[in-house]
Amino acid sequence: MDKALEKFGNDIAIAFSGAEDVALIEYAKLTGRPFRVFSLDTGRLNPETYRFFDEVEKHYGIRIEYMFPDAVEVQALVRSKGLFSFYEDGHQECCRVRKVRPLRRALKGLRAWITGQRKDQSPGTRAEVPVVQVDPVFEGLDGGDGSLLKWNPVANVDGKDIWNFLRAMNVPVNSLHAQGFVSIGCEPCTRPVLPGQHEREGRWWWEDAKAKECGLHKGNLKEDGAAQVNGNGATTESDIFNSQSLVTLSRTGIENLAKLESRKESWIVVLYAPWCPFCQAMEASYVELAEKLAGSGVKVAKFRADGEQKEYSKNELQLGSFPTILFFPKHSAKPIKYASEKRDVDSLMAFVNALR
């Protein structure tokens, strides 16, 4: 913790979930260095968790930097699928709206972040968590692959030792722990665990016990290309780049676009796979790009290029890896491939403006 705060100063922050992550804040305080703390308020946390946040702020004399989901995205999800769709089609879509996208916004302003991941938390997904790593999913302040470091200072610490530390230091703890909750998330998706159950069994209990991740640490999952399956046997893989400002191209649609030698409008198209963490990392930027370019004479589109479409995309659309971004100029037949690893909205806009 001391090394992380010394190295990154104000460009690093502690991710606080409202559970035993208070240990991270206590460690940070003990270093004597200034530190930042942020948390994701999904809008569906337990009342006890909100009271715990307030206790922590007062105990340490800090202000937690809360990140909230986009109200329009939450509204669209609830109106189209209801308040509890995750019980039927899996938690990934709701977590993406309420947790992953707000986290992505928070991390874009940092060069590193600190988490409370431990190897013994989830043997199915966290057994190999290192103490320090290049974040495999999210981008930092400078943008592009490798622009964000992830520090997991308690990766090798046993859960019982964390609790011994918290008791010894007499720090605030979430009152839900005394009610049998160990790993604490949103109220509809968390329940107490029974004696002998693993702590993550209380999270998304209706789904596959081997994939207890919400997307914040998706890099822990070994097979990102495989769709998750819920308790009803249905796939939980959901699409990305969902926006009314974006055009969804079919195979026929992109074939016709590629054949045109002269177009009425220029097009920018992302070739993507919804399970790809790098595609997910650029989702917010690409949707914002579509909104900025609405009515400008440049169409923004997406084409799902995995599965049966992968071979065609490699042979005809310059697909090398996901995501691949192509610009189809108004008066030119050949598309131009975006070569940069920087996929923030400003870099993408500069690419479009240079060619339009």
Side-chain angles (χ1 to χ4, degrees), residues 13-22 37-57 63-107 113 115-117 121-122 125 137-138 172-193 199-209 211-218 228 230-232 234 236-240 242 280 283-284:
I14 297 168
F16 178 53
S17 69
E20 71 270 33
D21 288 339
V22 68
V37 180
F38 75 91
S39 189
L40 308 176
D41 184 352
T42 65
R44 306 201 73 169
L45 303 178
N46 297 76
E48 292 88 343
T49 298
Y50 288 112
R51 286 194 286 272
F52 177 47
F53 284 150
D54 186 61
E55 289 178 39
V56 168
E57 287 190 324
R63 278 286 176 260
I64 298 171
E65 301 169 24
Y66 296 104
M67 300 299 296
F68 300 92
D70 182 271
V72 174
E73 291 182 351
V74 173
Q75 178 177 285
L77 176 62
V78 172
R79 284 185 175 179
S80 65
K81 291 193 169 184
L83 287 166
F84 299 99
S85 60
F86 37 82
Y87 290 140
E88 299 175 2
D89 58 14
H91 72 276
Q92 295 295 339
E93 183 174 19
C94 185
C95 284
R96 183 178 295 128
V97 170
R98 294 181 181 270
K99 298 175 75 173
V100 177
R101 288 175 182 165
L103 175 66
R104 187 174 294 130
R105 293 200 307 270
L107 297 180
W113 62 310
T115 88
Q117 289 191 102
Q121 276 176 328
S122 182
T125 63
V137 177
F138 296 100
V173 295
N174 194 321
S175 62
L176 289 173
H177 290 303
Q179 301 175 39
F181 292 80
V182 183
S183 178
I184 300 172
C186 293
E187 187 277 332
C189 302
T190 309
R191 67 181 184 182
V193 294
E199 62 184 83
R200 298 286 282 185
E201 287 296 312
R203 304 289 292 275
W204 312 293
W205 61 90
W206 63 94
E207 292 183 13
D208 182 2
K212 298 287 188 176
E213 296 287 353
C214 60
L216 305 187
H217 305 294
K218 189 171 182 179
Q228 302 296 324
N230 66 20
N232 300 324
T236 63
E237 182 184 289
S238 55
D239 202 11
I240 57 176
N242 296 315
Q280 294 171 7
E283 181 179 22

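- With sequence neighbours left out, the ring pair (Phe, Tyr, Trp, His ring centres under 6.0 Å) criterion links F52 to F16.
- Of all the heavy atoms in H91 and F86, the pair that sits closest is CA-CB, 3.8 Å.
- Considering all non-hydrogen atoms of both residues, L77 and C94 come closest at CD2-CA, 3.9 Å.
- Looking at V100 and E283, their side chains never come closer than 4.5 Å, going by heavy atoms from C-beta outward.
- Between atom CZ of residue R44 and atom CZ of residue F84 there is a gap of 4.5 Å, rounded to the nearest 0.5 Å.
- Residues passing the side chain to side chain donor-acceptor pair (under 3.5 Å) test with S39, sequence neighbours excluded: none.
- Within the model, atoms CG of D21 and CG of N174 stand 11.0 Å from one another, a figure rounded to the nearest 0.5 Å.
- In plain terms, the two heavy atoms of T42 and R98 that are nearest each other are O-NH1, 2.8 Å.
- We find the CG-SG distance between L103 and C95 to be 12.0 Å, quoted to the nearest 0.5 Å.
- Residue pairs meeting the side chain to side chain donor-acceptor pair (under 3.5 Å) criterion with at least one member in residues 65-75, sequence neighbours excluded: R36-E65, E73-R101.
- A 4.5 Å side-chain heavy-atom check between K81 and E88 finds every atom pair outside the cut-off.
- For the atom pair CH2 (W113) and CD1 (I14), the distance works out to 12.5 Å, reported to the nearest 0.5 Å.
- Using a 4.5 Å cut-off on side-chain heavy atoms (C-beta onward), F38 and L107 make contact.
- Partners of D54 under the salt bridge (Lys or Arg N to Asp or Glu O under 4.0 Å) rule, at least two apart in sequence or in another chain, are K58.
- Of the inter-residue distances, the one linking N242 atom CG with R96 atom CZ reads 8.0 Å to the nearest 0.5 angstrom.
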Distance-only donor-acceptor hits, side chain of residues 176-189, under 3.5 Å, sequence neighbours excluded:
unit_1	atom_1	unit_2	atom_2	d
H177	ND1	F181	O	3.0
S183	OG	R200	NH1	3.3
S183	OG	R203	NH1	2.7

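- Looking at residues two or more places apart in sequence or on another chain, you find a side chain to side chain donor-acceptor pair (under 3.5 Å) between D41 and Y50.
- To the nearest 0.5 Å, atoms CG (L40) and CZ (R105) are separated by 9.5 Å.
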